[in-house]
Each structure stands twice: as C-alpha cells, then as structure tokens.
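Notes follow the structure.
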Amino acid sequence: MVKILVAGAAGFIGSNFVRRLLAAGGHEVVVLDSLTYAGNMENLAGLDASNGFSFVHGSICDPAVVKAAVQGCDAIVNFAAETHVDRSIENPAVFIESNVLGTMVLIQAAVGAGLRLLQVSTDEVYGSLGEEGLFDEDWPLDPSSPYAASKASADMLIGASARTYGLDAVITRCGNNYGPRQFPEKLIPLLIANAMAGETLPIYGDGLNVRDWIHVDDHCDALRLVLEKGQSGRVYNVSAVGELTNREVCSRILAALGKPESLMRHVDDRPGHDRRYALDPSRLQNELGWKANVAFDEGLSTTIEWYQANSAWLDNVRSGEYRGYYERMYASRLESGTTVAEED
Ligand code: DAU
C-alpha cells in the first residue's frame with residue numbers, strides 16, 4: 001500500500017485526483033488542505049477511512065503541520081495553490097505566500113523525509129505564444145501574471161532543491177482543465193453556471209485568446225503516471241492538444257444548453273492577458289506512454305451534465321464570498337461591454 005500526502009485536494013483537480021487514485025486501489029491518501037474559498041469539503045464527500053482516506057485541516061505554509069502530516073507517507077503531491085489569474089492581479093501577496101513559500105515548506109519536508117515530490121505546475125509559466133509553435137519543456141520561463149510568476153518561482157525552487165539538497169522531484173505543466181467540481185471563477189464553469197441561469201456570459205477582449213483544454217480525468221491519469229514512473233528532476237508537459245478560442249468554447253456551451261448567442265458579451269480585457277497557450281506533450285507520450293482519452297465535446301457534455309445534476313453544489317459555491325468577487329470583477333465590465341450579436 002502506497003501512502004501519499006496530497007496537498008490542496010479539497011479543490012478541483014486535487015479532489016478529482018484523489019477520487020481516481022482511491023478508486024483504482026492500492027493507495028492511502030492523506031489530504032492536507034487549508035480550505036480557503038476554493039477548497040470545499042463537499043468535493044471529498046463520500047471518502048473516509050474505509051477508502052484509505054484521511055483529512056488534515058492546515059496550511060502548506062506551516063512547517064509543523066506539514067511535518068506531522070507527512071509522517072508515514074511515501075510521496076507528496078502538491079495541488080495547494082492560489083490559482084486564479086484575475087485574483088492574482090488584484091491581490092498578489094497571497095499567491096507568493098501559498099505558491100512560493102508553501103512550496104518551499106513542502107520541499108523541505110520532502111527532503112527531510114526522503115520523499116518524492118510531484119509539483120503540479122502550469123503552462124502559464126512559459127508566458128504567451130504567437131500564432132505558431134508549441135511550448136516544449138525547455139521553453140524559457142516568461143510568466144505574465146503574478147500567479148504565473150509565483151508558479152514559475154516554485155518550479156525554480158524545486159529545480160534548485162534537486163541540485164542543492166538532492167530533492168527527488170517531478171514537475172508537470174498542464175493546460176486549462178475542465179470537468180466536475182471546478183470553482184466557477186474559471187472560464188468553463190463560469191460560462192456554464194451563467195448560461196444555466198440565463199445570465200450574460202462575459203468574454204474578455206475580442207474572445208480570440210486560445211487555451212489548450214484538457215479534461216481533468218486525463219490530467220489526473222498523467223499525474224499518477226508521472227508520480228510513479230517519471231524521471232527524477234524532469235518536467236512533463238500535459239496536453240490533450242485541445243486548442244480553442246474562448247469564443248468557440250462559449251458558443252459550444254451555449255449550443256449544448258440550447259441558449260442564444262446573444263447571451264455572450266465582450267467585456268474589458270484582463271491586463272497582461274496571454275494570447276495563446278499550446279503544449280507539446282511528446283515527452284509524456286513517448287517516455288511514459290500517456291495519451292488523452294476524452295474528446296472535448298464529449299468531456300464538455302458530461303461536465304455540463306454534472307453541473308446540471310449538482311445545482312446545489314453550484315448554488316453553494318456561488319453564494320457567500322463569490323457574490324462579492326463576481327460583483328467586483330464583472331459589474332462595471334458588464335455595463336460597458338457589447339454583445340457579440342450587436343457586433344456581428
Ligand atoms: O493554463 C493553465 C491555467 O489555466 C492554470 O494554471 C490556472 O490556474 C487556470 O486558472 C487557468 O488560467 P486561465 O487564465 O487560462 O483560466 P481562466 O479560466 O481564468 O480563463 C481562461 C480564458 O478565458 C482566458 O483567456 C481568460 C478568458 N476569460 C476568463 C474568464 C474567467 C474570459 O474571457 N471571461 C471570463 O469571465
């Protein structure tokens with residue numbers, strides 16, 4: 001039985017990862033999560049000691065908590081992070097604290113206990129691509145937002161710790177995930193939630209920014225493979241080669257829900273908005289034999305079904321803190337925007 005400390009698993013990708021790992025069998029999981037706004041115990045509902053699951057409420061920034069949580073574990077997987085670009089523009093300090101200082105605490109715990117650390121990073125560390133080409137793992141780090149810079153810093157601390165302290169670490173860099181239990185500040189769940197409620201769908205700028213979409217299950221399978229078989233010190237890009245413009249994503253959601261295109265509204269752009277992300281996953285495919293299994297339209301349709309079947313989950317996460325956030329982020333943008341129908 002392999003025992004893994006999974007930090008930040010009350011969030012979207014982490015909770016999906018833990019569910020898949022425990023369902024596959026052969027693992028015990030200790031989840032460490034500080035339950036900030038995007039951490040949600042409902043995401044872990046149904047998991048308990050009989051599944052090999054246990055939970056520690058605490059922060060990766062607290063060395064004593066981490067040291068205690070890691071006892072008896074064979075590896076650490078780190079999902080714990082502030083992840084939303086717009087929030088990082090508004091309040092960068094918490095990103096530095098969680099994503100940089102917190103990762104350093106995990107590094108020291110991993111070194112102290114002689115454990116492998118899998119750092120779940122992002123394609124945003126590479127910056128923005130032009131119309132051609134794909135990021136490979138040797139692409140220079142050129143982050144655009146405080147969020148991306150904090151993740152790049154964590155990646156560099158890991159590289160430095162491998163050299164200096166002999167840390168056994170692997171890093172994954174994935175594109176934009178979608179699937180069940182994603183907090184609706186992110187594009188796809190925000191658009192689904194708004195469309196379901198008959199509200200406006202806000203599209204930043206011209207809507208032609210490109211993201212590389214992957215279903216969370218495919219990402220989680222890649223993470224498990226890298227954790228088990230990845231070469232120490234190596235970075236692995238994770239991509240289903242799923243490039244789409246934001247406008248196209250929006251149209252597909254509206255079509256799937258039978259809602260009119262007139263709900264789509266261009267609004268003020270995000271400052272420093274990266275134009276295009278696209279990753280080359282050849283290393284992961286050729287060295288570890290990974291491949292994506294979920295086609296975008298199929299994954300989008302099951303994701304929409306999940307949000308429709310879990311409207312109580314959605315209502316819950318859209319109340320409280322989210323209301324103030326949405327108002328701050330979108331009220332003036334929605335007033336000044338233009339609908340796509342008016343423009344075309
Ligand atoms: O690429 C991986 C990254 O994907 C992760 O590292 C980040 O944690 C995750 O937040 C995501 O970053 P993005 O900034 O690409 O995701 P977001 O869902 O915020 O935005 C996706 C695209 O949609 C981006 O071009 C901005 C645009 N957008 C976003 C929102 C929330 C809109 O047009 N309207 C919106 O309301």
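When a ligand or atom number is given, it counts from 1 through the structure's own listing order.
Interatomic distance, Ser144 OG to His273 NE2, rounded to the nearest 0.5 Å: 10.0 Å. Atom CG of Asn177 sits about 3.5 Å away from atom CD1 of Ile13, to the nearest 0.5 Å. For the atom pair Ile89 CD1 and Met329 CE, the distance stands at 8.0 Å (nearest 0.5 Å).
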Ignoring hydrogens and angles, write down the donor-acceptor pairs under 3.5 Å from the side chains of residues 234-242, residues two or more places apart or on other chains.
from, atom 1, to, atom 2, distance (Å)
Arg234, NE, Glu287, OE1, 3.0
Arg234, NH2, Glu287, OE2, 2.7
Tyr236, OH, Gln231, N, 2.7
Asn237, OD1, Tyr126, OH, 2.8
Asn237, ND2, Phe135, O, 3.1
Asn237, ND2, Asp280, O, 3.3
Ser239, OG, Asp212, OD1, 3.2
Ser239, OG, Asp212, OD2, 2.8
Ser239, OG, Val241, N, 2.8

Name every donor-acceptor pair, under 3.5 Å, that has one atom in a side chain of residues 183-194 and the other anywhere in the protein, sequence neighbours excluded.
from, atom 1, to, atom 2, distance (Å)
Glu185, OE1, Tyr37, OH, 2.9
Glu185, OE1, Arg87, NE, 2.6
Glu185, OE1, Arg87, NH2, 3.3
Glu185, OE2, Tyr37, OH, 3.0
Lys186, NZ, Thr83, OG1, 2.8
Asn194, OD1, Arg318, NH2, 3.0
Asn194, ND2, Thr200, O, 2.9
Asn194, ND2, Tyr326, OH, 2.8

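Protein heavy atom at the shortest distance from atom 25 (O) of ligand 1 is His273 NE2, 2.6 Å. Scanning the protein for heavy atoms near atom 2 (C) of ligand 1, the closest one is Asp123 OD1, 3.2 Å. Nearest non-hydrogen protein atom to atom 33 (O) of ligand 1 is Tyr204 N, 2.8 Å. Closest to atom 34 (N) of ligand 1 among all protein heavy atoms lies Pro202 O, 2.9 Å. The protein heavy-atom contact nearest to atom 16 (O) of ligand 1 is Asn176 ND2, 3.4 Å. Closest to atom 13 (P) of ligand 1, if we only count protein heavy atoms, is Glu124 OE2, 3.3 Å. With respect to atom 8 (O) of ligand 1, the closest heavy atom belonging to the protein is Thr83 O, 2.8 Å.
The distance criterion of under 3.5 Å between nitrogen or oxygen atoms is met by Thr122 with respect to ligand 1. Polar contact with ligand 1: present for Tyr330 (N/O pair, distance under 3.5 Å). Between Cys174 and ligand 1, no N or O atom pair is found at a separation short of 3.5 Å. In terms of N/O distances under 3.5 Å, ligand 1 is approached by Tyr147. Residue Leu190 places no N or O, backbone or side chain, under 3.5 Å from any N or O of ligand 1. At under 3.5 Å, not a single nitrogen or oxygen of Asp274, backbone or side chain, sits near a nitrogen or oxygen of ligand 1. For ligand 1, one of its N or O atoms has an N or O atom of Asn246 under 3.5 Å away. Taking distance alone, with nitrogen or oxygen atoms compared against 3.5 Å, Glu185 stays at or beyond that limit from ligand 1.
Note on Arg276 versus Glu243: salt bridge recorded, some NZ/NE/NH1/NH2 to OD/OE distance being below 4.0 Å. Note on Arg323 versus Glu327: no salt bridge recorded, every NZ/NE/NH1/NH2 to OD/OE distance being 4.0 Å or above.
Close approach of ligand 1 to Ile203 (heavy-atom distance below 4.0 Å) involves ligand atoms 33 (O). Of all the atoms in ligand 1, the ones that sit under 4.0 Å from a non-hydrogen atom of Tyr277 are 1 (O), 15 (O). Close approach to His84 involves these atoms of ligand 1, each under 4.0 Å from a residue heavy atom: 19 (O).
Scanning Lys151, Arg247, Arg270 for the heavy atom closest to atom 20 (O) of ligand 1 points to Arg270. In this comparison of Leu187, Val125, Asp86, Val210, the heavy atom closest to atom 21 (C) of ligand 1 sits on Leu187.
Looking at Arg211 against ligand 1, only its side chain comes within 4.0 Å, counting heavy atoms.
The closest side-chain donor-acceptor pair between Tyr330 and Asp86, if any, does not fall under 3.5 angstrom.
Here Tyr178 and His215 bring their ring centres to under 6.0 angstrom of each other. Taking the six-membered ring for Trp and the full ring otherwise, the centers of Phe12 and Phe79 sit at least 6.0 Å from each other.
Of the listed residues (Asp138, Asp155, Asp123), just one forms a salt bridge (charged side-chain N to carboxylate O under 4.0 Å, His left out) with Arg173, and that residue is Asp155.
Counting heavy atoms from C-beta outward, Thr103 and Lys151 have side chains that stay 4.5 Å or more apart.
Among all heavy-atom pairs drawn from Leu227 and Ala75, the shortest one is CD1-CB, 4.1 Å.
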